[in-house]
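The following block contains the structure, expressed as structure tokens.
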Protein chains: 2
Amino acid sequence: MNVVDKDSPLPMYYQIEEDIKRRIEEGSYETGKPIPSERELSEKYEVSRMTVRQAISNMVRDRLLYREKGRGTFVAEQKFEQPLDGVTSFSEDMKRRGLSPHNELLVFEKMIPDETTKDILALGTEEVYYLKRIRYADNEPMAVEETFIPVRLFPELEEKVFGVMSFYEYIETKTDVSIRSARQTIEAGIAGEDEAAPLAIDEGAAILQIERIGYLTNGLPFERNISTYRSDRYKFISDMYRN
Amino acid sequence: MNVVDKDSPLPMYYQIEEDIKRRIEEGSYETGKPIPSERELSEKYEVSRMTVRQAISNMVRDRLLYREKGRGTFVAEQKFEQPLDGVTSFSEDMKRRGLSPHNELLVFEKMIPDETTKDILALGTEEVYYLKRIRYADNEPMAVEETFIPVRLFPELEEKVFGVMSFYEYIETKTDVSIRSARQTIEAGIAGEDEAAPLAIDEGAAILQIERIGYLTNGLPFERNISTYRSDRYKFISDMYRN
DNA sequence: CAGTGGTCTAGACCACTAC
DNA sequence: TAGTGGTCTAGACCACTGT
């Protein structure tokens, strides 16, 4: 009868989270209504109240529940089917939108970076990989993208990787470092000759310019990415939370 | 000698957080190096280990510290002086950039919303407040902004509020609801007559169009905001984290 | 008033890391 | 082996909400 297994290798607070999620999905716990109190749950699952609190705290952090002092703990509205927050690569972004991404790799080479890039990536006299790509979604050109990556961080990076997987996938599966965060700067511009041709738009059309600087868990910058999107087909969408 | 005051109205875990932050700032706890163990800290502050853990957990959530199993708790790289993530109002955004915001309120009225707004705000036959404002930073026009707010949610909202404080401040100090999240859509456009004049830019110049839909903790949408920024003075900047 | 979440204690055993 | 964070217990008192 009891849903938590004290001998399971999974921590009990985790098992409780899963059970509460299940009940929310099946509708036993309704959106906007309170779930049972912490004391009731600790009796029900036969664990201490602190353990129930840990489960609930995690779910509050993930915004599945919210607490109100003196009133109770409530099921939050599940507004966003798929979260649109967080750092994503072009490939991931397109897949999330239900489109099929692919690349045309125009340039892949090692080079000495310009001053701005050197500064941003905190480099000395080191080389970077330089990539220039046209990004397609469902076979339509969406963006022109330039990327600078310090060679030192990924000495074994090869051109063929970019045909097979997303660079972010590569980092997370093939290396022992991981991505922490990015700072994005977004501005509007007007397409010149260089942008208009590859994107198949008119000169003078609006374009969206996004510069992203990505950071690893240890705090080091690992990429500078400059993208130019056609604004008739692409909107930048993101979910943000109040801190 | 002791830095935590058990009789203070501030919770002890909060006082401990503040003390650890102070030590990081003054350099006693160094970036990338471990802070004292939880057991040491609980002796030092004369509190139980769970209380120390609560302080540390909060700081890990805020990415000031990170834990490594069996090794210790470490001071994270402090990349961003001031966090640029999260949902912010225009006023808050400008202050964070070190600029002085002010408004010119062109329209403040109650009206029946158009279909799109009605749909977005999940309204029936209800009225909304409609605001149209020119937003200034350091006395230069930065954006034209239209906002739709359901009257039902803030029946006592008055025009004069917008002169005194940020709408977000109003919500968080004068009402008993609070802001959870927002979805922002950003695109590039070309200034027409309507945008060029109030922003003091040329027709045909690039503009940044941002639509924000804001949500309360209980999941209800509380505002639809459509902003047009001049792109020669304004860049949208945000920090994002990998999930 | 009874019930809720918020905070806190003083222990305990575990798996993991480093030496 | 000794030290670390991860998990858990069985209590306790508080401030806040609703009736």
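Order of the sequence lines sets the chain letters (A, B, ...), proteins ahead of strands, with each chain counted from 1.
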ask   = Between dT7(D), dG6(C), dT7(C), which nucleotide gets closest to the side-chain atoms of Arg39(A)?
value = dG6(C)

key: Residue-phosphate contact under 4.0 Å: Ser48(A) side-chain N/O, dC8(D) OP1/OP2   = no

message = Quick test of your reading of the model: are Glu18(A) and Lys21(A) salt-bridged, counting only N-O distances below 4.0 Å?
response = yes

task = Name the residue closer to the 5' end of DNA chain D, choosing between Arg49(A) and Met12(A) according to the nucleotide with the nearest heavy atom.
result = Met12(A)

query = Would you call Arg212(B) and Glu223(B) a salt bridge, taking side-chain N to carboxylate O under 4.0 Å as the test?
reply = yes

inquiry  = Tell me the interatomic distance from Met59(B), atom CE, to dG5(D), atom C1', rounded to whole angstroms.
reply    = 16 Å

Distance in angstrom units between Arg53(B) CZ and dA10(C) P, rounded = 18 Å

task = In whole angstrom, give the distance that lies between atom CZ of Phe74(B) and atom C1' of dG5(D).
result = 11 Å

inquiry  = Pick the closest DNA chain C nucleotide for Val47(B) and for Thr73(A) by heavy atoms, then say which residue is nearer the 5' end.
reply    = Thr73(A)

task = Kindly say if Arg71(B) contacts the phosphate of dG3(D), meaning a side-chain N or O under 4.0 Å from OP1 or OP2.
result = no

message = Please confirm whether the ring centroid of Phe167(A) lies under 6.0 Å from the ring centroid of Phe154(A).
response = yes

query = Between Arg152(B) and Glu126(B), is the closest basic N to carboxylate O distance under 4.0 Å?
reply = yes

note = Comparing Pro36(A) with Met50(B), nearest DNA chain C nucleotide closer to 5' gives the residue Pro36(A)

key: Per Lys69(A) side chain, nearest of listed nucleotides dG6(D), dC16(D), dT4(C)   = dC16(D)

request  = Mind calculating the distance between CZ (Arg67(B)) and P (dC16(C)) to the nearest angstrom?
outcome  = 17 Å

ask   = Looking only at heavy atoms, what is the nearest atom pair of Tyr234(B) and Met142(B), with distance?
value = CD1-CE, 3.8 Å

note = Atom CG of Asn58(B) and atom C1' of dT7(C) are separated, to the nearest Å, by 12 Å

ask   = So, is Thr51(A) close to the dT7(D) phosphate, meaning a side-chain N or O under 4.0 Å from OP1 or OP2?
value = no

inquiry  = Rounded to whole Å, please give me the gap between CD in Gln54(A) and C1' in dG5(C).
reply    = 17 Å

ask   = Does Tyr13(A) make a side-chain N or O approach to OP1 or OP2 of dC8(D) shorter than 4.0 Å?
value = no

